[in-house]
Amino acid sequence: MTLLERSARFIDEGIFEGQQSVQPMDGSFHEIADQIAVVCAFSHVWSVSTDGGLVAIDTSLPGFAPIALDHLRRWRGQSVHTIVYTHGHVDHVGGARAFVEDAQEQGQPAPRVLAHEDVGRRFDRYDLTSGYNQVINRRQFGDGPFADLFDGDWVRPQTTYATTLDVEVGSTSMQLIHAQGETDDHTLVWVPQSRALFAGDLFIWFFPNAGNPQKVQRYPAEWAAALRRMIELRPALLLPAHGLPIEGERRIAAVLDDVATALEGLVADTLEMMNAGARLDDIIHHVRVPDDLLAKPYLRPNYDEPEFVVRNIWRLYGGWYDGNPAHLKPAPDGAVAAEVARLAGGAAALAARSVELGEAGDLRLACPLARGAAPKPLPMPQRWSSSEPRCTGSGENMSSH
């Protein structure tokens, strides 16, 4: 099957055959339509062939960029004239340096780079938090494709925009459209001649990544609005940066409507409970996405999940305080863990009970008990005064539970 045939089968028949079936990232090349091709990678590299050169939409990670460049060179024999960042996440911009260096080696001008104006501010923030980003990416991916990516070697866009930007490459016209969703700097790329819409991460073949616990604020309501805007464009091709492309105006509209409906429901129900005075703990255990939506092959919560999105909605509208007075000025985690262990008859008793709960499938309750059985202080920077309170506790020692 072609990628379009696979996506049509999954959507029309409701089939899900596992993550690999909907998330190709093997470095393979596919011509999807006349003048439109993709190199499947951790983040895809899409390309539009024009009579003025190639337009690359995202550049993937550094390890995938040479593979993409080789495919694109053999596809049309054209150089890359323009790069568009759909947003500033490293799996979308990390390969740009290879594109620039390849142009130099070929004796061609470096590609111009276009992006939303907030991409540069994202790079600045990454420079401020490079150590933190290395920590969280190793926690998620180990020493895999995200290792050592936050070194500040960004290819910054030469042209930025705020709301929309009309772009011409040769005789091909495109429109860049700003949207908020997973990020504040997202760009939709609309090619009206082919009715092709490059969606970046606004559609990913998973439940929307709008609640990632380790990342900055994300925007579920604005994400839903962006999906509605995408439907209004009436695309014939939906070309995401992760997962399979989708063909057919009605099929695309139905898929985007499902995703928007799921997000809108979470936002509305969370706000209703917040306005009624509910605490975060009540909300996350009450607000749900209907099961029929979560069963869709493109809405399964395999990467993010509705409960995390609810937390992000709370953070956006309500701040960090969750409504529990014990969490407003809490004792150090380690002190609480030690006291609970003492009351339980020792750390061994907590650990044993945690194992029982885990084997029974109650991981929500098993994890905090296991955490209390093995508190571990975090190392503090030397410049901190020893007279200041020390934070204790680390989730990393729980990796074996």
Side-chain angles (χ1 to χ4, degrees), residues 42-46 55-62 82-97 99-100 111-130 132-133 136-137 146 149-167 174-190 197-204 206 208-230 233 238-242 259-260 263 303-304 309 312-313 315-316:
F42 191 94
S43 169
H44 299 332
V45 178
W46 284 98
V55 177
I57 299 166
D58 289 334
T59 63
S60 198
L61 292 166
T82 297
I83 295 171
V84 180
Y85 293 156
T86 61
H87 58 297
H89 280 168
V90 290
D91 56 322
H92 297 257
V93 306
R97 180 63 60 193
F99 278 68
V100 172
R112 64 172 178 171
V113 181
L114 314 178
H116 185 259
E117 62 186 10
D118 284 338
V119 165
R121 288 189 277 272
R122 173 178 299 277
F123 292 163
D124 293 339
R125 175 166 56 79
Y126 283 164
D127 290 341
L128 288 172
T129 58
S130 59
Y132 173 74
N133 281 289
I136 64 174
N137 279 299
F146 283 91
L149 284 180
F150 293 87
D151 58 3
D153 187 27
W154 312 112
V155 176
R156 292 180 177 261
Q158 296 95 18
T159 301
T160 62
Y161 75 101
T163 305
T164 60
L165 179 67
D166 293 325
V167 178
M174 303 180 179
Q175 186 177 46
L176 310 187
I177 304 168
H178 175 237
Q180 288 184 312
E182 184 186 36
T183 69
D184 59 359
D185 59 357
H186 235 88
T187 289
L188 292 164
V189 183
W190 172 237
L197 180 62
F198 298 88
D201 282 2
L202 289 166
F203 179 78
I204 59 172
F206 287 138
N209 190 15
N212 192 310
Q214 302 181 121
K215 302 299 177 66
V216 298
Q217 184 66 60
R218 296 179 172 193
Y219 306 92
E222 291 81 0
W223 194 330
L227 294 166
R228 299 292 181 199
R229 174 81 182 276
M230 293 160 68
L233 291 171
L238 180 67
L239 309 173
H242 298 277
V259 182
L263 289 173
Y303 190 71
D304 207 335
V309 177
N312 225 1
I313 296 167
R315 178 171 64 166
L316 178 63

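Counting from 1, the numbers follow the sequence of the chain as shown.
When all heavy atoms of Tyr126 and Gly88 are compared, the closest pair comes out as CE1-O, 3.6 Å. Taking both residues in full, the closest heavy atoms of Leu188 and Ala199 are given as CD2-CA, 3.8 Å, listed atom of the first, atom of the second, then distance. Here the closest heavy-atom approach between residue Leu202 and residue Trp223 is recorded as O-NE1, 2.9 Å.
Asp58 places a side-chain N or O within donor-acceptor distance of the main-chain N or O of Thr86, the cut-off being under 3.5 Å.
A distance of 6.0 Å separates OG1 in Thr187 from CG in Leu176, rounded to the nearest 0.5 Å. Distance check: Asn133 CG to Arg125 CZ gives 7.5 Å after rounding to the nearest 0.5 Å. Remark: Phe42 CZ to Leu61 CG distance equals 6.5 Å, nearest 0.5 Å. Atom-to-atom distance recorded for Asp304:CG and Ile204:CD1 is 7.5 Å, nearest 0.5 angstrom.
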Might you work through the side chain to side chain contact (heavy atoms under 4.5 Å, CB included) test for Leu238 and Met230, ending with a clear yes or no? CA-CA 9 Å; Leu238 180 67; Met230 293 160 68; 3.8 Å; yes

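Residues forming a side-chain contact (heavy atoms from CB on, under 4.5 Å) with Gln180 (at least two apart in sequence, or on another chain): His178, Asp184, Tyr219, Glu222. Listed by chain and residue number, Tyr85, Phe123, Trp154 satisfy the side-chain contact (heavy atoms from CB on, under 4.5 Å) test with Val93 (two or more places apart in sequence, or in another chain).
Here His92 and His242 bring their ring centres to under 6.0 angstrom of each other.
With salt bridges taken as basic N to acidic carboxylate O contacts below 4.0 Å, one links Asp118 and Arg121.
Summarising the local packing, CZ of Arg229 is surrounded by 12 or fewer heavy atoms from other residues, nucleotides or ligands at distances under 6.0 Å.
Here the side chains of Val84 and Met174 are not in contact, with every heavy-atom distance at 4.5 Å or above. Contact annotation: the side chain of Asp124 approaches that of Arg156 to within less than 4.5 Å [non-hydrogen atoms, C-beta and beyond].
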